[in-house]
Protein chains: 2
Amino acid sequence: MFRVLLRMEFLPTTPNNKNLEQKIIDLLKRSSLSVTDSRKKILESFFQKNSALAHADIELQVGDEFDRVTIYRTLQTFVDKGIIHTIPTPDNAVLYALCKDSCSAGHHHDNHVHFICDNCNKTYCLEHVVVPTIAMPNNFIASQIDMVVSGVCDFCNASS
Amino acid sequence: MFRVLLRMEFLPTTPNNKNLEQKIIDLLKRSSLSVTDSRKKILESFFQKNSALAHADIELQVGDEFDRVTIYRTLQTFVDKGIIHTIPTPDNAVLYALCKDSCSAGHHHDNHVHFICDNCNKTYCLEHVVVPTIAMPNNFIASQIDMVVSGVCDFCNASS
DNA sequence: TAGGTTTTGCAACTATGTTGCAATAGCTTA
DNA sequence: TAAGCTATTGCAACATAGTTGCAAAACCTA
Ligand SMILES: [Zn+2]
Ligand SMILES: [Zn+2]
Ligand SMILES: [Zn+2]
Ligand SMILES: [Zn+2]
C-alpha cells in the first residue's frame with residue numbers, strides 16, 4: 001500500500017518535472033524571454049494545474065518566494081508574448097490560462113469558449129468549442145467575441 | 001439663436017422629466033423599494049444615458065450628492081430586485097444596464113448579447129440579439145451563457 | 001404627526017493593481 | 001569564466017475598487 005502510493009506520487013513526477021522544466025525553458029526562450037526563477041515557477045503552476053488561474057491563486061502558490069508585483073508583471077509579460085490569455089468572468093475576476101501554439105507576441109487566437117463550474121469553481125478552456133459568429137445589427141461591426149459559459153463541469157457531474 | 005437653444009434644451013425636457021420621474025417612482029414601488037433621492041437620481045442616469053454605466057460613471061454624475069457607499073448599495077439593490085443587470089467586460093470593469101420587464105427579484109432573464117465599442121467605449125445591450133445555445137462537451141452542463149462582443153458601434157461607424 | 005423601519009453617510013478597513021527606483025540576476029562576448 | 005550591459009525583481013509608496021459597522025437621517029404607515 002505504501003509502496004503503491006510512493007510509486008504514484010514520486011516515481012513518475014521526477015522524470016516529468018525534468019521534461020516539464022525543459023519544456024518551460026524552451027517556451028521562454030522561444031518567446032525571447034530570459035529564463036528566471038519566477039517565470040519558471042509561475043509557468044509550472046499553469047502546466048500543473050491545467051485550469052485557469054487567478055493572480056490570487058498564483059500568489060498563494062508562490063507568494064512566499066516572489067513579490068506580488070513580480071507576479072503581476074510576469075503575468076502581463078506572458079499575455080504580451082502570447083503564452084497565456086485572459087478570461088473575462090461574470091463575477092469580474094481576471095483569470096489566465098495557457099495559450100495553444102497558434103498564439104504569438106501581440107497576436108492571440110484564443111477563440112474558444114470558456115467554462116466556469118459553479119460547483120468546484122474551476123475554469124476550463126473548451127479548446128474544441130469554437131465561439132460561434134453571430135449576426136450583428138446594422139452598422140455594428142464585431143472584431144472580438146467572448147463567450148463564457150457557467151454550469152457544472154464533467155468532473156462534478158460524474159461525482160454526484 | 002439663443003431662443004432656439006432654449007427651446008431644444010428646456011422645453012421638451014420639462015414634460016419628459018415629469019413623465020420620467022413618475023415612471024421611476026412607479027418602478028421603485030413595483031419593486032417594493034422605498035422612494036429615495038439617491039435611487040431616483042441613479043435610475044434617472046440609466047434612463048437618460050441609455051447605455052451601460054459603471055460605478056465610476058455614476059459617481060461622476062451624482063457623487064457630489066451621494067456617498068460612494070450609497071451608490072454601491074443602491075446598484076446592488078437594483079440588481080437584486082431585477083431592475084438592472086451586470087455586464088462582464090473583457091477589461092474587467094463591472095457595468096450595469098437596465099433590465100427589460102421580464103426580470104424580477106432574484107430572477108434575471110437578460111439573455112442578450114452585449115456590445116462594447118472600442119472607439120467610443122460605450123456598452124450596449126443588443127436586446128434583439130439572443131445568445132446562441134452551443135453544444136457542450138460530454139457531461140458539461142451549461143446553465144448560463146455570457147456573450148460580449150467588441151468592435152465599432154453604429155454611431156461611430158456612421159461618423160467616420 | 002408619531003412610530004417603527006429602512007436607508008444613508010461616515011470612518012475605517014481590505015483587496016487589487018500600478019509606478020519609480022535601486023539592487024539583483026541573467027545574458028553576451030571577449 | 002569573468003566583466004559589463006541589460007532585463008528583471010523587490011520594496012515602498014501610491015491609487016483605485018469595494019466592504020463593513022454603526023449612528024444619524026429619511027421614508028413609510030397609520
Ligand atoms: Zn493566446
Ligand atoms: Zn482559454
Ligand atoms: Zn435582468
Ligand atoms: Zn444587457
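Residue numbering restarts at 1 for every chain, and letters A, B, ... go by the order of the sequence lines.
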For atom [atom1] of [X] and atom [atom2] of [N], their distance in whole Å:
X: B:Leu33; N: D:dT29; atom1: CG; atom2: C1'; result: 17 Å
X: A:Lys41; N: D:dT8; atom1: NZ; atom2: P; result: 19 Å
X: B:Arg73; N: D:dG21; atom1: CZ; atom2: C1'; result: 9 Å
X: A:Gln76; N: D:dT9; atom1: CD; atom2: P; result: 14 Å
X: A:Glu59; N: C:dT14; atom1: CD; atom2: C1'; result: 13 Å
X: A:Ile71; N: C:dT18; atom1: CD1; atom2: P; result: 13 Å
X: B:Tyr72; N: C:dA15; atom1: OH; atom2: P; result: 15 Å
X: A:Asp57; N: C:dT16; atom1: CG; atom2: C1'; result: 14 Å

Separation between CE (B:Met147) and CD1 (A:Ile134), nearest 0.5 Å, reads 4.0 Å
Do A:Val69 and A:Leu75 share a hydrophobic cluster, counting only Ile, Leu, Val, Met, Phe, Trp and Tyr and linking them when any side-chain heavy atoms are less than 4.5 Å apart?
no
(message) Taking A:Phe140 as the starting point, is it possible to reach B:Ile87 by hopping between hydrophobic residues whose side chains are less than 4.5 Å apart?
(response) no
Whichever of B:Ala56 and B:Val35 has the more 5' nearest nucleotide on DNA chain D, that residue is B:Ala56
message = For B:His114 and B:His112, take the angle between the two ring planes, folded into 0 to 90°, and tell me which bin it lands in: parallel under 30, tilted 30 to 60, perpendicular over 60.
response = perpendicular
So does [X] get a side-chain nitrogen or oxygen closer than 4.0 Å to the phosphate oxygens (OP1/OP2) of [N]?
X: A:Ser34; N: D:dT6; value: no
X: A:Arg39; N: D:dT8; value: yes
X: B:Thr36; N: C:dT7; value: no

Against the side chain of A:Val94, the closest entry in C:dG17, D:dT19, C:dT8 is C:dG17
Side-chain contact check for B:Arg68: nearest option of D:dC22, D:dT19, C:dT19 is D:dT19
Of B:Asp67 and A:Lys29, the one whose nearest nucleotide on DNA chain C sits closer to the 5' end is B:Asp67
Looking for any heavy atom pair under 4.0 Å, which part of the strands does B:Thr77 touch: base, sugar-phosphate only, or nothing? nothing
- Is it true that B:Phe46 and B:Tyr96 have ring centroids separated by less than 6.0 Å? no
